[in-house]
Q: 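Got a structure for you, written out below as structure tokens; questions coming shortly.
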Amino acid sequence: MLYPLKFTPILKEKIWGGNKLKTVLNKTESTPTENIGESWEISTVGEDISIVLNGAYKGKDLLELIREHKGNLLGEKIYQEFGDQFPLLIKFIDAKQALSVQLHPNDVLAKKRHNSFGKTEMWYVVQADADANLIVGFNKQTSKEEYTKFLDAGKISELLNEDRVKKGDSYFIKVGTIHAIGAGALIAEIQQTSDITYRVYDWDRKDDQGRERELHTELALDALNYDYKSDFKQKYSTTKNQPNEITSCSYFTTNYLKIEEQLDRVYTDIDSFKIYMCVEGEGSVSFDEKSENICKGETILIPATIDQVKIVGTNLELLEVYIN
């Protein structure tokens, strides 16, 4: 019988990473290095397959569970479309230094070039230092020619839109949008199941061997959206004990839940798995007399066949994710 599932975080060392995944999000599995940049919470990307941490399926991987339970785990229509692949990649990201300036291709380009899905994504700011920022989009209308001129001159930052951020800010990043997570930001990221990134500028940074990271300048040219946009930041309600929609697109819906005492969440009209990412506080998620604790930095996957859960907590804040 399926039940709410936890997974062992897959921790990624990054040149720009820090130690907030351990100190703020309680990732005690952290290695001694101080450069853990990402925690992949739920993944079937490449060889990074999530392993169940709790209950009867402890030690099994997510691919095994999908093959065994199919639509009962994912949702029938979702399983028909994605088969054994989990359709999302769920992460926490700690940027001690700024990430590279980058973008992601759309589904058509990603399929043609990499036999992969594209990478539409969203960010939720879990914690931010006083001067933390995000780069999202251009600060004016531009063109391939102007962009190339600024990039070649090492002045690409002059074209980029920069936002100072605080806890609770959220951004929706469409494919083709140039972007970068800035230093001091701790982010929850929900995205399509893809790891295709075109890196176009890396702040002239070198690793401990004196090498610069690979850039994908030519690949990016036809993938970039050069239009000026100002609609990246999401506005949403924070009303207690109800789902507050942050973002909804064909790839995922993300709601903000703030729990005071108890919320009975009913999903009879949603044929999809559900994900809870805990971004503040602690509490429990109960189903059929079984209860699973959840605290800041933890993620729980609710199988599609579970259509009602009880969430209990005080000052508990969750991101709720599903495919609608």
Q: Do K27 and F92 meet the cation-pi criteria used here (NZ or CZ under 6.0 Å from the six-membered ring centre, within 45° of the axis)?
A: no
Q: On a heavy-atom basis, which atom in L301 and which in I275 lie closest, and how many Å separate them?
A: CD1-CG1, 3.8 Å
Q: If you compare all heavy atoms of M122 against all heavy atoms of S170, which two are closest, and at what distance to 0.1 Å?
A: CE-OG, 3.2 Å
Q: Do H104 and Q191 meet the criterion of a side-chain donor-acceptor pair at a distance under 3.5 Å?
A: no
Q: So do I190 and T247 actually touch side chain to side chain, heavy atoms under 4.5 Å?
A: no
Q: Could you tell me the separation between the CG atom of N161 and the OG atom of S230, rounded to the nearest 0.5 Å?
A: 8.5 Å
Q: How about E64: does its CD atom have over 12 heavy atoms from other parts shown lying under 6.0 Å from it?
A: yes
Q: Please answer: with hydrophobic residues joined when any side-chain heavy atoms are less than 4.5 Å apart, are L215 and I196 in the same cluster?
A: no
Q: When you compare the side chain of I156 with that of Y147, does any pair of heavy atoms fall below 4.5 Å?
A: yes
Q: Which residues pass the side chain to side chain donor-acceptor pair (under 3.5 Å) test with S39, not counting sequence neighbours?
A: E41
Q: Does NZ in K6 sit with more than 12 non-hydrogen atoms of other residues, nucleotides or ligands closer than 6.0 Å?
A: yes
Q: Can you spot which of T177, V165, D163 makes a side-chain contact (heavy atoms from CB on, under 4.5 Å) with V136?
A: T177
Q: Between Y256, F172, Y171, which is the residue that forms a ring pair (Phe, Tyr, Trp, His ring centres under 6.0 Å) with Y236?
A: Y256
Q: With a 6.0 Å cut-off on ring centres, are F117 and Y251 close enough?
A: no
Q: If you take all heavy atoms of P303 and K274, which pair is closest and at what distance?
A: O-NZ, 3.6 Å
Q: Please determine whether residues L257 and L88 belong to a single hydrophobic cluster, defined as Ile, Leu, Val, Met, Phe, Trp and Tyr linked transitively by side-chain heavy-atom distances below 4.5 Å.
A: no
Q: Locate the shortest heavy-atom distance separating S100 from R213; write the atom from each residue and the value.
A: CB-NH2, 3.8 Å
Q: Under 6.0 Å between ring centres, would you say that holds for Y57 and H69?
A: yes
Q: Evaluate the criterion side chain to side chain donor-acceptor pair (under 3.5 Å) for residue pair K111 and N115; output intermediate values, then yes/no.
A: CA-CA 4 Å; K111 180 69 174 177; N115 194 30; 2.9 Å; yes
Q: List the steps, then state whether side chain to side chain donor-acceptor pair (under 3.5 Å) holds for E317 with N315.
A: CA-CA 6 Å; E317 297 176 42; N315 293 319; over 6 Å; no
Q: For residues I302 and L319: do they belong to one hydrophobic cluster (side chain heavy atoms under 4.5 Å, members Ile, Leu, Val, Met, Phe, Trp, Tyr)?
A: no
Q: In Å and rounded to the nearest 0.5 Å, what is the NZ to OH distance from K119 to Y198?
A: 12.0 Å
Q: Apply the test side-chain contact (heavy atoms from CB on, under 4.5 Å) to residues Q141 and D227: give CA-CA distance (whole Å), side-chain angles for both, the deciding distance (0.1 Å), then the verdict.
A: CA-CA 5 Å; Q141 187 75 21; D227 294 337; 2.9 Å; yes
Q: Less than 4.0 Å between a side-chain N and a carboxylate O, is that true for E38 and K12?
A: no
Q: Quick one: ring-ring contact (aromatic ring centres under 6.0 Å, His included) partners of Y276, sequence neighbours excluded?
A: none
Q: Inspect the surroundings of NZ in K96 and state if more than 12 heavy atoms from other residues, nucleotides or ligands are less than 6.0 Å away.
A: no
Q: Of all residues at least two apart in sequence or in a different chain, which pass the side chain to side chain donor-acceptor pair (under 3.5 Å) check with K233?
A: none
Q: Run the salt-bridge test on D222 and K144 with the 4.0 Å N-O cut-off and return the result as yes or no.
A: yes
Q: With sequence neighbours left out, what residues match T148 under side chain to side chain donor-acceptor pair (under 3.5 Å)?
A: none
Q: To the nearest 0.5 Å, tell me how far T299 OG1 sits from L53 CG.
A: 11.5 Å
Q: For residues L316 and G281, report the shortest heavy-atom separation together with the two atoms involved.
A: CD1-C, 4.1 Å
Q: State which residues pass side chain to side chain donor-acceptor pair (under 3.5 Å) with D231; sequence neighbours excluded, sorted by chain then number.
A: none
Q: Side chains of Y267 and E320: is there a donor and an acceptor less than 3.5 Å apart?
A: yes
Q: With salt bridge (charged side-chain N to carboxylate O under 4.0 Å, His left out) as the rule and sequence neighbours excluded, what pairs involving residues 146-156 come up?
A: K140-E146
Q: Locate the shortest heavy-atom distance separating N241 from L263; write the atom from each residue and the value.
A: O-CD1, 3.3 Å
Q: If you measure from CZ on F7 to CG on L62, what distance do you get to the nearest 0.5 Å?
A: 4.5 Å
Q: Should H179 and Q102 be marked as a side-chain contact (heavy atoms from CB on, under 4.5 Å) after you check the CA-CA gap, both sets of side-chain angles, and the distance that decides it?
A: CA-CA 6 Å; H179 62 274; Q102 58 188 246; 3.7 Å; yes
Q: Would a 4.5 Å heavy-atom cut-off, applied to side chains only, mark V125 and I187 as touching?
A: yes
Q: Check whether more than 12 heavy atoms from other residues, nucleotides or ligands sit under 6.0 Å from atom CD of E260, and answer yes or no.
A: yes
Q: Consider only side-chain heavy atoms of I, L, V, M, F, W and Y, link residues closer than 4.5 Å, and tell whether L73 and V45 are in one cluster.
A: no
Q: In Å and rounded to the nearest 0.5 Å, what is the CG to OG1 distance from D271 to T305?
A: 10.0 Å
Q: With ring pair (Phe, Tyr, Trp, His ring centres under 6.0 Å) as the test, pick out the partner of F273 among F82, Y322, F86, F252.
A: F86
Q: CD1 of I181 to CG of D94: how many Å apart, nearest 0.5 Å?
A: 10.0 Å
Q: Does a sphere of radius 6.0 Å around CD in E218 hold more than 12 heavy atoms from other residues, nucleotides or ligands, not counting ones at 6.0 Å or beyond?
A: no
Q: Examine the side chains of K22 and N26 and answer whether a donor and an acceptor come within less than 3.5 Å of each other.
A: no
